[in-house]
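Nothing here was measured: the structure is a model prediction, and the numbers come from that model. As the structure lists them, so they are numbered: ligands from 1, and atoms in each ligand from 1.
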Amino acid sequence: MGKSRLILDCDPGQDDAVNLLLAFAAKDRFDILGITTVAGNAPLALTQRNARLIADLAGVADIPIHAGCDRPMARDLITAAHVHGSTGLDGVDLWEPRTPLAAQHGVHFLVDALRAAPDASVTLVPTGPLTNIAMALALAPDIASKIAHIVLMGGAMREGGNITPSAEFNFYVDPHAAERVLQCGRPITVFGLDVTHQLLCTPERLARIAAIGGPLARAVHDWLGFFNRFDSAKYGSPGAPLHDPCTMAYLLAPQLFAVKSCAIRIETVSPLTLGHSAVDFWSVTGAPANANWAYGVDAEGFFDLLLHHLERF
Ligand code: RIB
Ligand code: CA
C-alpha cells in the first residue's frame, strides 16, 4: 500500500511548527503533497515565512510551501501576537528563509492537487483558521470527493473558549469557513481544546526535548518555552497546551486518542458566541453526525511519540 497523501494547512505559530516537524519526521509514512499557509496567529506574510523557516530547520527542500488567504471569508482578520509573539514564532532568533515560496496561491494549489489525485486519497491537516479549505471547496466543489479525511485542530466544548468565553481561536477567526468545512460531507476528525488542554508542555517534557540535543530540538524547546508563558499565566498551569500536533499524532497513532461521532455546528451570526462549536456529544438534537470529536488522549504516549519523532532529525 502506498504512502498516504497529505496536505497541511497552517498558521505558524509555535504549535503549528511542532506539527510540521512531526509530519516531516514521518515522511517515510506520508507523501506530503504540499503546505498551504493562512492568516491566523500572525498575518499571512509572517505565517508563510514561518512555514519556510521550519522547512529550513528540518532540512526539507522537496515540499512546496504556498501562501493562501490573507484574511477570513467574511470578517476582519484578528491575530494572536499576544500568544505567539510579533513574529508568530517568537522564542528563537529567526533568519531569512532559504526555502522559497511557491508562486501559486495556496487555494489554487489545493484545487489543482486535489483534482489531480485519485478519489478519496488526500488527507487535509488544517491547524489554523479554515479559510483556505473553505475557499477551495467554494471555488471547486468537485474536489470534495478527492478528500479522504480532514484532521483539524479547532473548537471547544467543555473547555470553553480561549479567545472569547465561547470560541476557540481558529473557529473564531473564520467561523464561516469552519461551518462550511464541517458541513462538507467528508470524514472529519476535530481536535478541540477539550483534548489539547490535556497535553501540557510541562518543564519535565521540555527538558526531555532539550535533552535530544542539536539545533532543531533546541529550537523546539525554545519555541515552546516562549509559547508556555502566556497560557501558563492565564490558566495557572505548569505549561501551555500543545494544540496542533494532535492532528499528526492522530494520523500516526490513532490509538492514543478517544473520539466520538457527533453533530458539530459553528455559530456564524451571534456577536456574543461567534465561532462557538456546538458539539452534540449526547445526541440531544438528533442531527446526523458530521465529524468525530476528540475528547481523550494518552498524554504520556503522545509526548513519547513526539520525542521519538523529534529524535529522528
Ligand atoms: O486555539 C488554538 C489554535 O489557535 C492553534 O492552532 C494555535 O496555533 C492557534 O492557531
Ligand atoms: Ca495553528
*Region of D16 engaging ligand 1 - heavy atom pairs below 4.0 Å*: side chain
*asked:* Hydrophobic clustering (ILVMFWY, side-chain heavy atoms < 4.5 Å, transitive) - are V190 and I7 grouped together?
replied: yes
Which ligand 1 atoms does [X] reach within 4.0 Å, using its non-hydrogen atoms?
X: E168; answer: 1 (O), 2 (C), 3 (C), 4 (O)
X: N41; answer: 7 (C), 8 (O), 9 (C), 10 (O)
X: H243; answer: 2 (C)
X: N170; answer: 3 (C), 4 (O), 5 (C), 6 (O), 9 (C), 10 (O)
X: D11; answer: 10 (O)
X: F169; answer: 1 (O), 4 (O), 9 (C), 10 (O)

*asked:* Under a plain distance cut-off of 3.5 Å, with no hydrogens placed, do T47 and N50 share a side-chain donor-acceptor pair?
replied: no
So do the side chains of [X] and [Y] get within less than 4.5 Å of each other, counting heavy atoms only?
X: L130; Y: R180; result: no
X: I54; Y: L89; result: yes
X: R265; Y: T285; result: no

Lys/Arg N to Asp/Glu carboxylate O, [X] vs [Y], below 4.0 Å:
X: D56; Y: R49; value: no
X: D28; Y: R312; value: yes
X: R52; Y: E96; value: no

*Approximate separation, where rounding is to 0.5 Å, of D194 CG and S277 OG*: 8.0 Å
*Taking the minimum heavy-atom distance to atom 6 (O) of ligand 1, which of D244, V173, T196 ranks first?*
D244
*N or O pair under 3.5 Å between N162 and ligand 1*: yes
*For the Ca ion (ligand 2), every protein N/O/S atom that sits closer than 3.0 Å, waters excluded*: D11 OD1, D16 OD1, D16 OD2, T127 O, D244 OD2
_Taking atom CG as the centre, does D93 end up with more than 12 heavy-atom neighbours from other residues, nucleotides or ligands that are less than 6.0 angstrom away?_
no
*Considering only the protein, which heavy-atom contact is closest to atom 7 (C) of ligand 1, and what is its distance?*
D15 OD2, 3.3 Å
*How are the rings of Y295 and F281 set relative to one another: parallel (under 30°), tilted (30 to 60°) or perpendicular (over 60°)?*
perpendicular
